[in-house]
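Below, chain A is the first sequence line, B the second, and so on; all start at residue 1. No experiment lies behind these values; they were computed from the predicted model shown.
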6 protein chains.
Amino acid sequence: MKNNIADIYKEDYENIVKSAIAEDLGAYGDITSKYIFNKNNISDGFIICKEKDGATLCGIGIAEYIFKTIDSSASLKILRQDGEKIKNKEKICTFHGKTISVLKSERIALNFISHLSGIATLTRKFTDIASDYGVKVSETRKTLPNLRLLEKYAVRCGGGFNHRFGLFDGVMIKDNHIIASGGVSKAIEKIRSEVPHTLKIEVEVKTDDDLEQAIKSKADIIMLDNMDCKHLRDAVKKIREILGNTCIIEASGGISLKTLEEICKTGIDIVSVGALTNSAKAIDFSLDFE
Amino acid sequence: MKNNIADIYKEDYENIVKSAIAEDLGAYGDITSKYIFNKNNISDGFIICKEKDGATLCGIGIAEYIFKTIDSSASLKILRQDGEKIKNKEKICTFHGKTISVLKSERIALNFISHLSGIATLTRKFTDIASDYGVKVSETRKTLPNLRLLEKYAVRCGGGFNHRFGLFDGVMIKDNHIIASGGVSKAIEKIRSEVPHTLKIEVEVKTDDDLEQAIKSKADIIMLDNMDCKHLRDAVKKIREILGNTCIIEASGGISLKTLEEICKTGIDIVSVGALTNSAKAIDFSLDFE
Amino acid sequence: MKNNIADIYKEDYENIVKSAIAEDLGAYGDITSKYIFNKNNISDGFIICKEKDGATLCGIGIAEYIFKTIDSSASLKILRQDGEKIKNKEKICTFHGKTISVLKSERIALNFISHLSGIATLTRKFTDIASDYGVKVSETRKTLPNLRLLEKYAVRCGGGFNHRFGLFDGVMIKDNHIIASGGVSKAIEKIRSEVPHTLKIEVEVKTDDDLEQAIKSKADIIMLDNMDCKHLRDAVKKIREILGNTCIIEASGGISLKTLEEICKTGIDIVSVGALTNSAKAIDFSLDFE
Amino acid sequence: MKNNIADIYKEDYENIVKSAIAEDLGAYGDITSKYIFNKNNISDGFIICKEKDGATLCGIGIAEYIFKTIDSSASLKILRQDGEKIKNKEKICTFHGKTISVLKSERIALNFISHLSGIATLTRKFTDIASDYGVKVSETRKTLPNLRLLEKYAVRCGGGFNHRFGLFDGVMIKDNHIIASGGVSKAIEKIRSEVPHTLKIEVEVKTDDDLEQAIKSKADIIMLDNMDCKHLRDAVKKIREILGNTCIIEASGGISLKTLEEICKTGIDIVSVGALTNSAKAIDFSLDFE
Amino acid sequence: MKNNIADIYKEDYENIVKSAIAEDLGAYGDITSKYIFNKNNISDGFIICKEKDGATLCGIGIAEYIFKTIDSSASLKILRQDGEKIKNKEKICTFHGKTISVLKSERIALNFISHLSGIATLTRKFTDIASDYGVKVSETRKTLPNLRLLEKYAVRCGGGFNHRFGLFDGVMIKDNHIIASGGVSKAIEKIRSEVPHTLKIEVEVKTDDDLEQAIKSKADIIMLDNMDCKHLRDAVKKIREILGNTCIIEASGGISLKTLEEICKTGIDIVSVGALTNSAKAIDFSLDFE
Amino acid sequence: MKNNIADIYKEDYENIVKSAIAEDLGAYGDITSKYIFNKNNISDGFIICKEKDGATLCGIGIAEYIFKTIDSSASLKILRQDGEKIKNKEKICTFHGKTISVLKSERIALNFISHLSGIATLTRKFTDIASDYGVKVSETRKTLPNLRLLEKYAVRCGGGFNHRFGLFDGVMIKDNHIIASGGVSKAIEKIRSEVPHTLKIEVEVKTDDDLEQAIKSKADIIMLDNMDCKHLRDAVKKIREILGNTCIIEASGGISLKTLEEICKTGIDIVSVGALTNSAKAIDFSLDFE
């Protein structure tokens, strides 16, 4: 139920959708269809998945919103929900509406579904592995411009969890902050005295010394960056000894489907993976008339 | 020179950039850096490519625009231009600016460069093959929402050519139009009597009968959809016999780097490939302080 | 049927309408009516044409949209459609709605109808003459700021055809381009190798030499600028000899209702007239209560 | 000096200008020029009036703003100011800038100047007559959508005076208000007890009875609607007898250049003319390279 | 009836409301409630006043609009209208809607009601005193940024009257204008010859000399600034002797609930009080579930 | 240094400022000043505080931004910084600019400074007391619509600390959430398994049972709502025994300057006060010419 577009405040994606419509229709609209079809001509049809290995669906609610925005008289019957696994040639929805409106909606809707399902499908591959170890999978801030909200939603549809939204709603201390502050402890101290007390402090750790300071200063989250499994295991051990489960341990940096299982075995809590959002292959969908 | 962001009217991408900045900075800005760094603290550094096989660069001008938008006192020295091939570990620019501003700009700029260079790099692989045969490579309307303009620019940076921008600036007659009109000829006739005389008429052709009608009605562009090489060769022959070079012949549908060369040999003028824009893997870049 | 505002994507004119409403109502609204009328007071009435010689109607759909935008409970019964010829004192619609809302809508709606019907009426005078010769009448880019879409719609309502929408969706090579390129042929060649293959290339021609090069380079459209009828006839002859009907011949420059018929006789395909959109006299309409 | 665009708050017209630029350039910009000219190519030239009988200039400041908005490195040397009478073939400015930028600016700037100078020129014809009688000339709310501010500025450039901006900043009691209130006196009384005390109350008067009530209730402005000269003279006499010069007398309704002088002689203070803004013929200007 | 939000054109406050919603919900919405409540869970409840001394209500219509904007399926039953006096613990409305939507709406709606009722309540205290003397109470331009329209509405709900909306819809001549013009008379003369004839001219007067000139030049409104009661009485006497009731007399500057009655006795027509809008204490309201 | 407007990303307040300017200037601008002053007339002057007891300054940077936005040629010399205590009659800045521009800027700038300094001044009174006890003072979400960012900045200028920005960047579990979840522990558990791991979980506690569960579930922040000092002391003792300083203890609900000191003595970490932002009296400032 949480993977339903209706859970997102509509204001948050309607401008994205409206701009995308404007982008494709421009000033003159669909100059092919409008001279061919009678404006009251009605069509029925469906959208199907055309991916040999199937996919995890994301974007069916957005698709419906696009059809409705372009023509409020159009109707979609949703057959499969966001977050569900779908097979090749499986119909995900049927539609009924003015032919001209359907043809305007087609490519815009498919572009959203293809991209978001691509992310959900890739995320699902990661979570299918990680969930056996109780490890969460999360995206990073490596998202495509202005699509972050929807891409994070797609990650959830694939069974993932979300990281901070942006620079503004979570603290993340990295090397440059550490150097400028004179060490991890001083950086944490400085930040803790200033930021809203409602936010956690995460530290990206690369060295043993940084790790020790992060533990000592009780960082809320410690992110182990680009470490191999041995280093991860050692770090997890040190953190758990002092902070127990009150500190969340995150691994990041070049994690792939190949390396994931080994990493999950190290005892970390969460992995964050940039490729989920910026390198997922589009899933092929097709809109057909009946 | 044509692959320079300065050739695009700034108004066209500045809203995209400004929204992307707002997306990441939210209401409170970079809550980590602003409490660590003195606001007048200055940093120098560079952006480097971290892709083993190198890449074709796209987005350096956008990156500069982002740095300048976030802080007009920042300066970038551009070392490599959009459209150039770059190697792993090659510096593409150096920067000088307030540390706080640089850290705000970092991820936003890298997200643009990574995505656009991904498209340029993939396109370049196609054009390196196709150019030997005098065949142009073009994207389709399978672009990511609201990024079409920049993605089409990235295609050009990879040596490609652009197709129509959207539904509004080019006519494309597909199956549904053909059925509804009672054949290709009637569809062309209808459209030709209505659309601005400044626009060309393209027909997507799947059958011999459609092809014959398209030729007879002197379609400006004939798009051969999902045909194998034999069918392509036959179609090209028929078209050239009657229309010579006045008709542009386009091949489309599932064209991959593997099948491209054979397709180019069939005598077509241009291939259009959806994967260029919706399935290109991000190129890894990193921003480092000196 | 194509002259119905419903054929235009609503997003394209709703901002224009909403700004126009805001322009007239400002922060305080209609400070006269709101203190006079009970807010539930209902009025019935009609809009009539008050033009001695009648007019060609354009804007009735926009008027309805304005009434509905200001007050969704208002209703209009449309008696005459856009594109129809109407007589002096003819009612074009009746309305029923809250008095306060009707009075807010009145001037805003009339301003749109008056301007657009002015254009449609003037265009109709041109097309009544030109259609006998199979010549199309088209507007130019000499439109009023931000009203181009609606003005082009008005031209269609008057029986005219549309030219390119702007600088972006059609190529038009003029003197400066010709000089800079070293001649018409070189200009066409340069452009043809760069622009989307879906767009036509039009050349504005003033001299015999330019004409010859345009013919030789197979310009898609040749625009004969400011030529007298003798020159037009000669040019048409030369073009037809080589290019037959594959080249569209356009005449432009100071064409008036007086000179139109002679120009149509020269064999050209289309005339483009700036005055249609920037110098049409408003048609007088009046809103009356019953 | 008051007829300088710099007197208008820039925010008020910059959105109009920016939309007009976007309207013409669309997503791809000037697809002709950008492939012809080297982007650093510079041009010099001028804008000249091409109107046989000359004109009253309006819009030179807007033109400069457009050139600068499209390319901040462009420069205009303004030779004639808004509000000045100019002759046929007179240069109104010279320019220096990148060729590509100049060609983008050309039509957009000329469209503004042509329309606004059309209004200023027509207004000047009215004020040249009326000023001999100390009568002011004013526009009405019959303006083109979203251009009201600039059109009112053009009226001032032609020597005219402005009426209320919209429904919100001035009270105007018309027939429907009078009927609904049970007479002019009651309408004035109702309004006076509610509206900001800073606003004047104007009454549109058609009958003797209305006139008497308006005088008795000390309307701030009495508008005599569609009266012939005899009726106007009578009304003026009655008003002056009771209210002297404290009441402003306005005549409106079908006033033309032919009838203006006689109307001015009746002793009224001001005429308001809808045709100034909705039916002025465009003035022809041309941009030429040197 | 005039103190109903429905009298304000919805376009004028909907952007304020929508921004306020976005301000509170950000990109992720209500991250607490969405993980607790089933999205179809329904709640009933009410909003009550929690102010010991009661209050004058303002904002109930805005509250309803917020509930409806966040979730169109929510319903409010309004028990008390804007402008009515309410008691401590009095319910002003009941609601029925999805729990998640109600919790999103709660703080946003209460913030509007608390602020606007604060203004209405304070205004009511002034008007309860002033109305006995036939003196109107008005706000000034000392309003909070972008809330002026709603704050002026709140003043009306408290029985007050509105002053000019901004700098644009009423003339107000102050010291600097007087000095620059060489005296009140010259300032009035200058302005009168230029501004729309539909606007009144108000002069802020501090000295006897200024007062005399203002009277002589027949200022429409004379504002007596920061004068004690004796000076006010003298000034009123002088004005009435010459101009009778045709001149509106306004007192302003540091007027408090303590000094108001004495000031009202001096014969002035209206007082304007900045504190009404910029210093009113919020009224406490609470939303409770049943 | 952190109390400088330059620390806020300009994009975040520029729309607020631009709307506020548009609100006051409307379509016609300052219709008084523009007819009085020569547009090149220059004025010098200053802004002074006119508050008997002095104030804590906030908004001088915004004021400068307003002056510059209205006229980029204006210059301000800032004499006192945001966050500093200022005395009655103390000059906070001098200015130099075109008279017309200064008069446009005056009221808009003063409205911002007066409101924000009101908040800073009131906050400073709270922090002057609380800081002796090491207790932080924070605002709540009871802010004025669309001014939250600036009001939170004003709180910082008064020595306060910020709470979560809105519903989206911090979890706050209240009674309704507790009831719906079946207790505090279950609510915390549910939320913890879903929200981004970067966010803290705060629980509003009213009963002993809730408190015990909150402690047991290791709430990151416990907010003690509307408790008297005895209850606060007891609650603090219980929390510290189990959670030590890892849990932040917040007191809220009706805290006034009178009750603050006693509350601070109970051992809590932070107080949150709604009145800081919704009931602060405006500070009086005046702009004078020299």
**Student:** Would you indicate whether the side-chain heavy atoms of D:His177 and C:Leu103 approach each other to under 4.5 Å?
**Tutor:**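 Yes, their side chains come closer than 4.5 Å.
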**Student:** Taking all non-hydrogen atoms of both residues into account, name the closest pair between C:Ala180 and D:Phe37 and its distance.
**Tutor:**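 Shortest heavy-atom contact: CB-CE2, 2.9 Å.
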**Student:** Return the minimal non-hydrogen interatomic distance between D:Tyr35 and C:Glu194, and the atom names on each side.
**Tutor:**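 Between these two residues, the closest heavy atoms are CD2-CB, 3.4 Å.
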**Student:** I need the residue from D:Pro196, D:Ser279, D:Ser181 with the largest number of non-hydrogen atom pairs under 4.5 Å to chain C.
**Tutor:**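 Winner by heavy-atom pair count: D:Ser279.
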**Student:** As an exercise, state the distance from NE2 of D:His115 to OG1 of C:Thr277, rounded to the nearest 0.5 Å.
**Tutor:**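 Here the rounded value is 11.5 Å.
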**Student:** If you tally heavy-atom pairs under 4.5 Å against chain D, which of C:Lys281, C:Arg141, C:Lys174 wins?
**Tutor:**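 The option with the most such pairs is C:Arg141.
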**Student:** Do you know which of D:Asp284, D:Ile179, D:Thr143, D:Asn176 has the most heavy-atom pairs under 4.5 Å to chain C?
**Tutor:**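 Option with the top pair count is D:Asn176.
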**Student:** When you compare the side chain of D:Asp24 with that of C:Arg148, does any pair of heavy atoms fall below 4.5 Å?
**Tutor:**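 A side-chain contact under 4.5 Å exists here.
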**Student:** Taking C-beta and beyond as the side chain, do D:Leu199 and C:Ile31 meet within less than 4.5 Å on heavy atoms?
**Tutor:**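 When only atoms from C-beta onward are counted, C:Ile31 and D:Leu199 do touch, with a gap below 4.5 Å.
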**Student:** Tell me, out of D:Ser33, D:Ala187, D:Ser114, who's got the most heavy-atom pairs with chain C below 4.5 Å.
**Tutor:**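 The candidate making the most pairs under 4.5 Å is D:Ser33.
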**Student:** Quick check: do C:Asp175 and D:Phe289 have side-chain heavy atoms less than 4.5 Å from each other?
**Tutor:**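 No; the side chains remain at least 4.5 Å from each other.
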**Student:** Kindly indicate whether the side chain of C:Leu167, heavy atoms from C-beta on, has any atom under 4.5 Å from the side chain of D:Thr32.
**Tutor:**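 Of all side-chain heavy-atom pairs linking D:Thr32 with C:Leu167, none is under 4.5 Å.
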**Student:** Mind ranking D:Gly170, D:Ala275, D:Ala280, D:Gly118 by heavy-atom pairs under 4.5 Å with chain C and telling me who comes out on top?
**Tutor:**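 Of the candidates given, the most pairs with chain C belong to D:Gly170.
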**Student:** Using a 4.5 angstrom heavy-atom cutoff, name the option from D:Lys142, D:Lys186, D:Lys190, D:Arg164 with the most pairs to chain C.
**Tutor:**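 The candidate making the most pairs under 4.5 Å is D:Lys142.
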**Student:** Looking at C:Asp169, C:Asn41, C:Asn146, which one has more heavy-atom pairs under 4.5 Å with chain D than the rest?
**Tutor:**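 That would be C:Asn146.
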